[in-house]
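Worksheet: one structure, shown below.
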Amino acid sequence: MMVLALESSCDETAAAVLCAKRGLLASEIASQIAVHRAYGGVVPEVASRQHLTHLREVIDTALGRAGVRLEEIDAVAATAGPGLATSLMIGLSAAKGLALGLGKPFLAINHIEGHMLSPFFNGHAIEPAVGLVVSGGHTLLVEIDGFGEYRLLGQTRDDAAGEAFDKVGKLMGLPYPAGPVIDQLSRHGDPCRFDFPRSMLGSGDFAFSFSGLKTAVRYLLPKLPDRSEETIADLCASFQEAVVDVLVSKTLGAARAAGKKIVAVSGGVSCNSRLRVKMAAACREAGLELRIADPGFSTDNAAMIGFVALHRLERNLLSVLTADIEPNLRLV
Ligand code: KG4
Ligand code: ZN
């Protein structure tokens, strides 16, 4: 079985080719970050037009790198949601058109499921685990019992963690997306210099809230003694530490409560170096196995969409060609 998968839910135009036997054959991503940076964030209409312009080329490159002709593809998949409506419709429509033209099955895939299962990408089976999906659009904890068997344990009540990174960065005048920039600046900073709130740490559930932390940074900024490199680095490190502490603590609590031995962390924020270090240390101490996708498969990509598609194909869970985009699609 050979799958062509497309991802266009936000500002990455991506295509991947996966084979049930040989695994991932190609994963191509055309990032629009440079285009949106001028606006300080993603502009939906601009994103949509960029997808339209680049999708064909990204598909051709993925097929070329995989050494596969379009006629050899057995199924075509694309992200159906959640995401920006005008972005989703480009990838989904292209996938439907290709499936129809080739006379092959079509699969509409949930973007959150793609992220969540990406840590299992290099393994064989999807094992019982607690999944933390932490990206620009989502922050949620899920109990995973197997493919398609998910139970939501908790999610953010306001901003996603990545959104908090990006908004705080914007307040500080950092370029979009600020997550990787804050990560980089924090390497030279003191995470203890500013005492930021660890919201909902004692809430007794698995919900998150990051908007209070963002407000704390907003109020602190005008009171800073200076804007030296050192102070900015300390501010970044202190903010990052607060986010990471909450993510690590809630994830370990969830693993304990759900009785799971594996922790699977995914989404763009899982690229964060401090989160990787602290999550690894906490899991080691608690006797848990940590799985995180490589950074290249943590931010938006089509390989994770193809991975879910292969699992659906195996179970004959196909989609109809009338399936529409679902901008507010939930995991469960
Ligand atoms: O998964 P993703 O590409 O898109 C969504 O589905 O949202 O995640 C993008 C988010 C952005 O908010 C970005 O700032 C954040 O992931 N991000 C990071 C890092 N790399 C990406 N946040 C913190 N540290 C990083 N190293
Ligand atoms: Zn994503």
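For ligands, and for the atoms within them, numbers begin at 1 and follow the listed sequence. The structure displayed is predicted, hence computed values, not measured ones.
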Legend entry - Residue selection (non-hydrogen contact nearest atom 16 (O) of ligand 1) among Gly268, Gly41, Cys271: Gly268

Inset, instruction - Check all N, O or S atoms of His111 and name the one closest to the Zn ion (ligand 2). - result: NE2

Legend entry - Name of whichever N/O/S atom of His115 is nearest to the Zn ion (ligand 2): NE2

Inset, instruction - Could you tell me whether ligand 1 has any atom less than 4.0 Å away from a heavy atom of His111? - result: yes

Legend entry - Heavy-atom side-chain contact between Ser209 and Asp158 under 4.5 Å: yes

Inset, instruction - Among Arg291, Lys261, Lys260, find the one that has a side-chain hydrogen bond (donor to acceptor under 3.5 Å, both in side chains) with Glu127. - result: Arg291

Inset, instruction - Please determine if the Zn ion (ligand 2) has an N/O/S atom from His138 lying under 2.8 Å away. - result: no

Legend entry - Closest approach to the Zn ion (ligand 2) by Asp300, given as the N, O or S atom name: OD1

Inset, instruction - Taking all non-hydrogen atoms of both residues into account, name the closest pair between Leu55 and Ala94 and its distance. - result: CD2-CB, 3.4 Å

Legend entry - Asp300 and ligand 1 - part of the residue with a heavy-atom distance under 4.0 Å: both

Inset, instruction - Quick one: sort the His111 and His138 rings into parallel, tilted or perpendicular, breaks at 30° and 60°. - result: tilted

Inset, instruction - For Lys96 and Thr322, run side-chain hydrogen bond (donor to acceptor under 3.5 Å, both in side chains): C-alpha distance rounded to whole Å, both residues' side-chain angles, the deciding distance at 0.1 Å, then the answer. - result: CA-CA 9 Å; Lys96 285 191 212 175; Thr322 47; over 6 Å; no

